[in-house]
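One structure is given below, encoded as structure tokens.
Just so you know, these numbers use all the heavy atoms, side chains as well, and skip hydrogens, waters and symmetry mates.
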Amino acid sequence: NVIGHHQLPRFLRCMDAIFQHESFIELGTVAATSYLIITAIGAIAGFVDNYYNEKVAQLIANDLRNKMYHHLQHLSLAYYDSHQTGKLLSTLTADVSTIQDFASETLMKMLVDSLTILGMIAIMFYLDSDFTLVALAVAPFLLFFVARFKKVMKNATREVRKDQSDMFIVLQKGLESIREVNAFGRQYFEEARLWRISQETVNASLRAKSVKSAVSPLVTITVAACPAFVLWRGAHLVAAGTMSVGALTVFLWYMSKFFSPVQDLAKMASTIAMVTVSLERIEGILRLQTNVKEVAKPIKPGKVKGEITFEHICFEYLPGEPVINDLNMEISSGQRIGICGPTGSGKSTIVSLIARFYDPVSGRILIDGTDISQFTLDGLREQIGFVLQDTLLFFGSIRENIAYGRPEASEDEIREAARLANAMEFIEKMPNGLETMVGERGFTLSGGQRQRIGIARAIVRNSPILILDEPTSSLDSESEKQVMEALENLMVGRTVIIIAHRLNTIRNVDKIIVLCKGEITEDGTHEELIVKKGIYRQMCNEQLWPEPSTVKPAI
């Protein structure tokens, strides 16, 4: 309308001349280049922001996992006697993931929103302090609401986490016991048990979600009261001529920019509640104190001779229920000791005390005249080799399993250990020899084969003290013979303690100790104890030379 129709052709010619002017072309080039540069900088900044947010989150999660796992590895066995590992796995995975997600997605947003709120408050005070105070008047109500909501959300989240932990326990036990489950045909029972706990987890999650979902509309309604009041009051001020429409519009725009991050922060209360619960569970693990502690300045033992002394040892797993009562015993360096007795007499407890898996309630244990509590735990356990009733093999190669106790062992040491353990006989028949992979817990091997690999593991470790905890009780006679031959090679030159259920494994030891109700009732050689006609003689009568059957054959 400003340019007349008769002037339009002339105007277009002028515009065409301007566009063809070199300076304008240069300006367009600069503008286009600047646009690309700004876009590239924005893209790079976005990448850097996302990358470093995720990096920080991953480092936090990695640190938490390693710190918890280190702490759990160094707790005494007393803790694991009364706690289920499924709950620990839940904390190591789900709770750490919650904190990781918070660090990568929410933490920076909270910081940006907080800075935005502070900036908007300053600008709003500059524009109109009265209306700003009105906007801030809603803050106490929001804080009260968020505080109440956070408490409800924490309770709901705790319930979800508890059910998730129970689900982990069911899954872990079901998969670990898959052979027993199949053997007894209990697949449907295990599936039903998982379905029940899974359904409880779903219900708990839905309850938590309903609480979380309620916060958004409630916050929105509460916040909407301020702009509504400002708009109503501003309209009166504009009508009275004391405020311009532009000023009211600008203030309402800044108010919207103020309340947007306020609403975001209020809605984040549910996330903060979940993170708080996860932190509580993690802190609950990290606060656990081991019952077996090192002294302020522990000493690392050198290669010990293997002389062991028990002085007035008393021990109980549960208060008021003693397992070992005032036990006194001396084992000379290089001596072979057999320990037997009825079930529950405290046989395995004694060897657990030597390795400080537990500490006695009173008394002390000495190795080469030094109280074992003065040694570093790692140093003490380096002096002790174990062959247990059921050797646990890890998923990996046979070589890795043999060298588990001393990973730096050479190829020659591993092969020699396998030979002395009578294990090379079957290892060489396997497709890949020492590199053959064994399945989970070693179930791809027979019991005798697992035991011989366990013996090879103890040989490689080359510890001066050797503890054999019923190493042949679960084997058939042929496997037992092969394992006993391997054990003879292993026991040479070591102090040996054999926990025996089968008495033929301890007939030729230097001394046999008979335990009953945590006390030594008899000790001596096999021949001496037979003459005494006590508990040991009775056990021999039952195992080694049972009375012939008096049942007459049917005619």
side-chain contact (heavy atoms from CB on, under 4.5 Å) between M68 and L286: does it pass, once the steps are laid out? CA-CA 6 Å; M68 279 194 293; L286 295 178; 3.9 Å; yes

Atom NZ of K300 with >12 non-hydrogen neighbours under 6.0 angstrom: yes

Those residues at least two apart in sequence (or on a different chain) that pass side-chain contact (heavy atoms from CB on, under 4.5 Å) with L89 are F168, Q172

Can any side-chain N or O of R461 pair as donor or acceptor with the backbone N or O of G385 at less than 3.5 Å? no

Full working for side-chain contact (heavy atoms from CB on, under 4.5 Å) between E294 and D378: CA-CA 10 Å; E294 292 183 343; D378 290 342; 5.8 Å; no

Answer yes when K162 and E159 have at least one side-chain N-carboxylate O distance shorter than 4.0 Å, and no when they do not. no

Member of R65, Q73, H71 meeting the side-chain hydrogen bond (donor to acceptor under 3.5 Å, both in side chains) criterion with Y69: Q73

Report, one line per pair, each donor and acceptor closer than 3.5 Å where one atom sits in a side chain of residues 275-285; sequence neighbours left out.
from, atom 1, to, atom 2, distance (Å)
T276, OG1, I272, O, 2.7
S278, OG, D95, OD1, 3.0
S278, OG, M274, O, 3.2
E280, OE1, R158, NE, 3.4
E280, OE1, R158, NH2, 3.1
E280, OE2, K154, NZ, 3.3
E280, OE2, R158, NH2, 3.3
R281, NE, D95, OD1, 3.4
R281, NE, D95, OD2, 2.5
R281, NH2, S90, OG, 3.4
R281, NH2, T91, OG1, 3.4
R281, NH2, D95, OD2, 3.3
R281, NH2, S165, OG, 2.8

Specify the closest pair of heavy atoms between L434 and S397, including all atoms of both residues, with the distance to one decimal. O-CB, 3.7 Å

Of all heavy-atom pairs between S104 and A57, which one has the smallest distance, and what is that distance? CB-CB, 3.4 Å

Would you please say whether a donor-acceptor pair under 3.5 Å links the side chains of D371 and S373? yes

Under 3.5 Å, side chain of N203 to main-chain N/O of Q199, donor-acceptor pair present? yes

How long is the straight-line distance from CZ of F189 back to CG of L194, given to the nearest 0.5 Å? 12.0 Å

Angle class for the H74/H70 ring planes (parallel below 30°, perpendicular above 60°, tilted otherwise)? tilted

Smallest separation among heavy atoms of P301 and T376, with atom names: CD-OG1, 4.3 Å

Classify the side-chain pair T349/Y358 by whether it contains a donor and acceptor separated by less than 3.5 Å. no

Rounded to the nearest 0.5 Å, what separation is found between the CG atom of L353 and the CD1 atom of I365? 5.0 Å

Applying side-chain contact (heavy atoms from CB on, under 4.5 Å), run through L72 and L92 and close with a yes or a no. CA-CA 11 Å; L72 289 169; L92 282 164; 4.2 Å; yes

Shortest non-hydrogen contact between G454 and V387, atoms and distance: O-CG2, 4.1 Å

Would you say that more than 12 heavy atoms from the other residues, nucleotides or ligands in this model lie under 6.0 Å from the OH of Y404, or not? no

Can you find a side-chain donor-acceptor pair between Q58 and E54 that sits under 3.5 Å? yes

Within this structure, what is the CG-CD1 distance for the pair L118 and I123, rounded to the nearest 0.5 Å? 11.5 Å

The criterion is side-chain hydrogen bond (donor to acceptor under 3.5 Å, both in side chains); which residues satisfy it with Q164, sequence neighbours excluded? R161

Full working for side-chain contact (heavy atoms from CB on, under 4.5 Å) between F375 and R381: CA-CA 9 Å; F375 294 140; R381 291 167 186 170; over 6 Å; no

Provide the closest heavy-atom pair for D469 versus S348 in the form atom of the first, atom of the second, distance. OD2-OG, 3.3 Å

Who pairs with R406 by salt bridge (charged side-chain N to carboxylate O under 4.0 Å, His left out), at least two apart in sequence or on another chain? E413

Is there a side-chain contact between T436 and R399, using heavy atoms and a 4.5 Å cut-off? no

To the nearest 0.5 Å, tell me how far N53 CG sits from T106 OG1. 10.0 Å

Just to verify, what does R186 make a side-chain hydrogen bond (donor to acceptor under 3.5 Å, both in side chains) with, not counting sequence neighbours? none

When rounded to the nearest 0.5 Å, the distance separating CD1 of I372 from CD1 of I384 is 7.0 Å

Residues V438 and I398: closest non-hydrogen pair is CG1-CG1, 3.8 Å

Give a yes or no on whether Y317 atom OH has more than 12 heavy-atom contacts from other residues, nucleotides or ligands under 6.0 Å away. yes

Does D359 have any side-chain hydrogen bond (donor to acceptor under 3.5 Å, both in side chains) partners at least two apart in sequence or in another chain, and if so, which? R356

Once you round to the nearest 0.5 Å, how far does CE of M110 lie from CZ of F102? 5.0 Å

